[in-house]
Amino acid sequence: SAHRPTRVWTLSQFETGRAMGKGKFGRVYIARTKADREGNGGGFICALKLLYKKDCVMYNVQGQIRREVEIQMNLRHPNVLRLYGYFHDEGRVFLMLEFAAKGEMYKIMSKLDGRRWTEAEAGRFTGQMADGLAYLHSKHVIHRDIKPENLLVGLNDVLKIADFGWSVHAPGDHRRTACGTLDYMPPEMIEDVPHGHQVDLWAFGILIFEWLEGTPPFDSQDTFNANRDYQEAAHTRGRIRKGDYEFPSHFQPSAADLVNRLLQINPKERLPLDRVMQHPWVRKWDADVY
Ligand SMILES: COc1ccc(C(=O)Nc2ccccc2)cc1NC(=O)CCSCc1cnc2[nH]ccc2c1
């Protein structure tokens, strides 16, 4: 199909609002497009993410960024945060991102009783996560970093997979530090053997457990630095490798069944996403009667 020329944007075409907290996403501002001379195209709300070229040049990832951004601009799915476009001025790169009105999943969870969603809410998020993840995998994008911190919620409680497939992380993101959280790390990444899209299935199982329980099954120190924490992390790695976790008594058997089928040590035995969508515990919440 003829490549539709993407509109060239400049910062002057936006009214920028408040910075979106110091959020883990680096510098992100809520913004609205200004109408053009003919009075069209105004009022479109988006999130502008600001990246400094000097940071990127220092990490000499310029070409990689362009490739990643080109890929992301072609990803279109309701449960995947949109990247509408990008532009740059002499020192900065701006990404035009979809704005998720209800905000960051982990922040919303921190306000819930026990950080837990109800079964109905967790069940509906699970169906949406399976849809979005299946779409990303169909485009050969492996997320590699699924956790509540990387999910957003739009109007109408629509889940948005917000930060994905980044082999390169914005230097300003302070993420992927050597000592990131182990909670979502699958056995094969701990063993450091080659891994495929099934790493996302493992993390998906951890995510469902955390949505229902409020804490992940292999709850480790969030990040370890000191030697003491190192011992804790070693213990957590051991538990992950052995699949040593258990469900609290309140956990519904049907939900536990789904989590068990995703938290399989052998990546090949993890339930594929199309089977997740058909699982009784997920189908149960599909009907909009709740
Ligand atoms: C599609 O998504 C993305 C695509 C690319 C990148 C990115 O950083 N690429 C990169 C990094 C380094 C070098 C080159 C390129 C980031 C995101 N996504 C986010 O950063 C999370 C949402 S930020 C927006 C947003 C929206 N809606 C909200 N509601 C409340 C907060 C909030 C925050």
Side-chain angles (χ1 to χ4, degrees), residues 6 9 11 14 16-33 44-89 91-111 125 128-129 131-133 135-177 180 200:
T6 43
W9 292 93
L11 192 54
F14 295 88
T16 48
R18 63 179 172 80
M20 227 102 68
K22 59 204 169 320
K24 55 174 294 301
F25 298 123
R27 289 177 196 78
V28 182
Y29 298 87
I30 190 161
R32 180 174 54 201
T33 55
F44 182 71
I45 302 280
C46 64
L48 278 185
K49 178 164 189 175
L50 185 54
L51 302 159
Y52 283 93
K53 284 182 184 172
K54 65 176 174 14
D55 289 345
C56 305
V57 168
M58 203 154 67
Y59 291 74
N60 83 345
V61 291
Q62 213 97 12
Q64 205 166 338
I65 291 175
R66 203 176 301 282
R67 265 192 309 283
E68 300 264 6
V69 171
E70 291 297 335
I71 294 169
Q72 305 245 342
M73 281 174 62
N74 294 316
L75 297 177
R76 311 228 164 148
H77 187 279
N79 300 120
V80 171
L81 198 80
R82 274 297 302 281
L83 171 59
Y84 299 116
Y86 68 105
F87 56 93
H88 55 93
D89 62 18
R92 301 173 295 182
V93 177
F94 295 88
L95 303 179
M96 280 176 68
L97 293 164
E98 178 181 359
F99 172 66
K102 286 203 166 180
E104 297 171 74
M105 169 69 80
Y106 81 99
K107 279 188 184 170
I108 301 168
M109 287 173 67
S110 62
K111 298 190 182 87
F125 280 139
Q128 295 182 70
M129 187 71 195
D131 287 346
L133 207 44
Y135 175 80
L136 287 178
H137 287 179
S138 74
K139 301 288 183 184
H140 311 295
V141 172
I142 304 175
H143 191 289
R144 291 193 187 83
D145 202 10
I146 288 170
K147 53 187 177 183
E149 289 80 354
N150 286 338
L151 300 175
L152 293 169
V153 182
L155 290 176
N156 221 1
D157 293 328
V158 176
L159 176 133
K160 303 278 180 182
I161 301 174
D163 192 353
F164 41 84
W166 291 104
S167 45
V168 163
H169 272 268
D173 275 0
H174 310 303
R175 291 182 41 190
R176 291 287 166 84
T177 48
D200 288 342

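Since we're looking at a predicted model, the values are computed, not measured. Just so you know, ligand 1 is whichever comes first in the structure, and atom 1 is the first atom listed for that ligand.
The distance from atom CZ of F14 to atom CD1 of I45, rounded to the nearest 0.5 Å, is 11.0 Å. Rounded to the nearest 0.5 angstrom, Y135 OH and I161 CD1 are separated by 11.0 Å.
Not a single heavy atom of E68 sits under 4.0 Å from any atom of ligand 1. Using a 4.0 angstrom heavy-atom cutoff, E98 counts as in contact with ligand 1.
Side chain of N79 to main chain of L159: a donor-acceptor pair is present (N/O by atom type, distance under 3.5 Å, no hydrogens or angles). Remark: side-chain polar atoms of N74 are paired, donor with acceptor, to backbone N or O of E70 under 3.5 angstrom.
Atom numbering of ligand 1 starts at 1 in the shown order; those under 4.0 Å from a heavy atom of L95 are 5 (C), 6 (C), 7 (C), 8 (O), 9 (N). Close contacts of ligand 1 with L81, meaning ligand atoms under 4.0 Å from a residue heavy atom, involve 1 (C), 2 (O), 22 (C). Ligand 1 places these atoms under 4.0 Å from at least one heavy atom of G103: 29 (N), 30 (C).
Of the options K102, M105, M20, E104, the smallest heavy-atom separation from atom 32 (C) of ligand 1 is shown by M20.
Of the heavy atoms in L97, only side-chain atoms (C-beta onward) come closer than 4.0 Å to ligand 1. Contacts between L152 and ligand 1 below 4.0 angstrom, taking non-hydrogen atoms only, involve the side chain exclusively. The proximity of V93 to ligand 1, defined as any non-hydrogen pair under 4.0 Å, does not occur for either the backbone or the side chain. Counting heavy atoms under 4.0 Å from ligand 1, residue A47 touches it through the side chain alone.
Note: an N/O pair closer than 3.5 Å links K49 and ligand 1 by distance alone.
Taking all atoms of both residues into account, the shortest heavy-atom contact from V28 to A47 is CG1-CB, 3.8 Å. The two residues F94 and D89 come nearest to each other via the heavy atoms CE1-OD2, 3.6 Å.
Side-chain contact between F99 and K160: absent, with no pair of heavy atoms (C-beta onward) separated by less than 4.5 Å.
In this structure, F44 and Y84 have perpendicular ring planes: the angle between them is above 60°, well past the 30° mark.
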